Amino acid sequence: MKKILSLIIISATFFGLTIASFFLLPNNAKGAPITDPSQLSPNPTLIDFEQFPAGYNEPTPVPVSNPFVVGDLTFSISGSLYIRDITGYPADGTEVSSKVLEAWPDNVPLSITFLNPVAEVLLGWWDPNFPGNYLRAFDTNNQLLEQVEITDLGPTQGVHATWIGFKMNSADISRLEIVPPTTVPPNQPYDNYGIDNIRYNTENTTPVPEPSTMLLLGSGILGLLELRRKFKK
Ligand SMILES: [Ca+2]
Ligand SMILES: [Ca+2]
């Protein structure tokens with residue numbers, strides 16, 4: 001009788017854990033923001049814009065095409081896209097280097113569509129200064145998968161850049177949106193941005209168990225051990 005009772009309790013516990021996991025882990029088990037190249041799986045593809053001539057600050061500015069295709073990536077914007085040489089700015093040689101892709105007007109979002117959906121992507125974001133800079137990831141049905149706001153902000157004048165991206169457990173990301181703030185402090189015209197060193201992998205070969213999943217499993221196992229101990233008494 002005791003054995004049957006313990007079996008019922010154990011089954012109920014597992015059932016409860018499964019149900020709980022559905023409610024407690026709606027999205028974060030699928031993916032998460034990343035902020036460093038070391039979080040990517042090995043050998044990501046790199047897009048660094050170095051093969052293109054600069055056309056932003058040149059005597060006669062020359063935009064690139066819109067949409068702008070580089071390898072498996074298609075960049076598009078409601079304004080224009082420029083290759084900008086940031087040599088001489090303090091952030092040059094950090095997360096961003098030499099040639100970067102720049103939007104015009106400066107506060108217009110740009111979109112990156114992947115020929116094949118990716119599991120991991122990271123990019124260098126030049127000059128995020130104010131709250132409201134977002135990176136958003138969408139699936140092939142254009143449904144929002146993940147979004148992250150940049151909190152690693154720096155002073156204006158191109159001294160600062162940061163890494164931002166996403167790591168999913170499967171190749172779900174079809175498109176990214178780079179979205180600058182719609183409102184900035186009154187004494188500022190806008191929060192300009194540039195992107196560079198885009199790294200991506202179609203597969204995530206180093207999936208990491210979510211901390212919440214580990215906790216759930218851990219507490220479940222502890223609970224079962226406690227039950228066993230009680231029934232042995
Ligand atoms: Ca570059
Ligand atoms: Ca800026």
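Model, not experiment: these values are computed from the prediction. Whatever order the structure lists them in is the order used to number ligands and atoms, beginning at 1.
- For V96, every N, O or S atom stays at 3.0 Å or more from the Ca ion (ligand 1).
- Going from atom NE2 of H160 over to atom CG of L153 covers 6.5 Å, rounded to the nearest 0.5 Å.
- Both cation-pi conditions hold for R136 and Y134: the charged atom is under 6.0 angstrom from the six-membered ring centre and inside a 45 degree cone around its axis.
- Looking at heavy atoms from C-beta onward, S111 lies out of side-chain contact with L176 at the 4.5 angstrom threshold.
- Between the side chains of E50 and S98, at least one donor N or O sits under 3.5 Å from an acceptor N or O.
- Below 30°, between 30° and 60°, or above 60°: for W104 and Y56 the angle between ring planes is above 60°, a perpendicular geometry.
- Residue S97: an N/O/S atom is found under 3.0 Å from the Ca ion (ligand 1).
- Here the options are L122, I150, D152, V96, the test is side-chain contact (heavy atoms from CB on, under 4.5 Å), and the partner is W163; only L122 passes.
- The N, O or S atom of D48 lying closest to the Ca ion (ligand 1) is O.
- Restricting E50 to its N, O or S atoms, the one at the least distance from the Ca ion (ligand 1) is OE2.
- Atom OD2 is the N/O/S atom of D196 found closest to the Ca ion (ligand 1).
- Put simply, the side chain of D72 never gets that close to the backbone of L115: no donor and acceptor are under 3.5 Å apart.
- The distance cut-off of 3.0 Å around the Ca ion (ligand 2) captures these protein N, O or S atoms, sorted by chain and number: D127 O, D127 OD2, N129 OD1, D191 OD1, N192 O, N192 OD1.
- Under a 3.5 Å cut-off, the side chain of D139 and the backbone N or O of D172 do not form any donor-acceptor pair.
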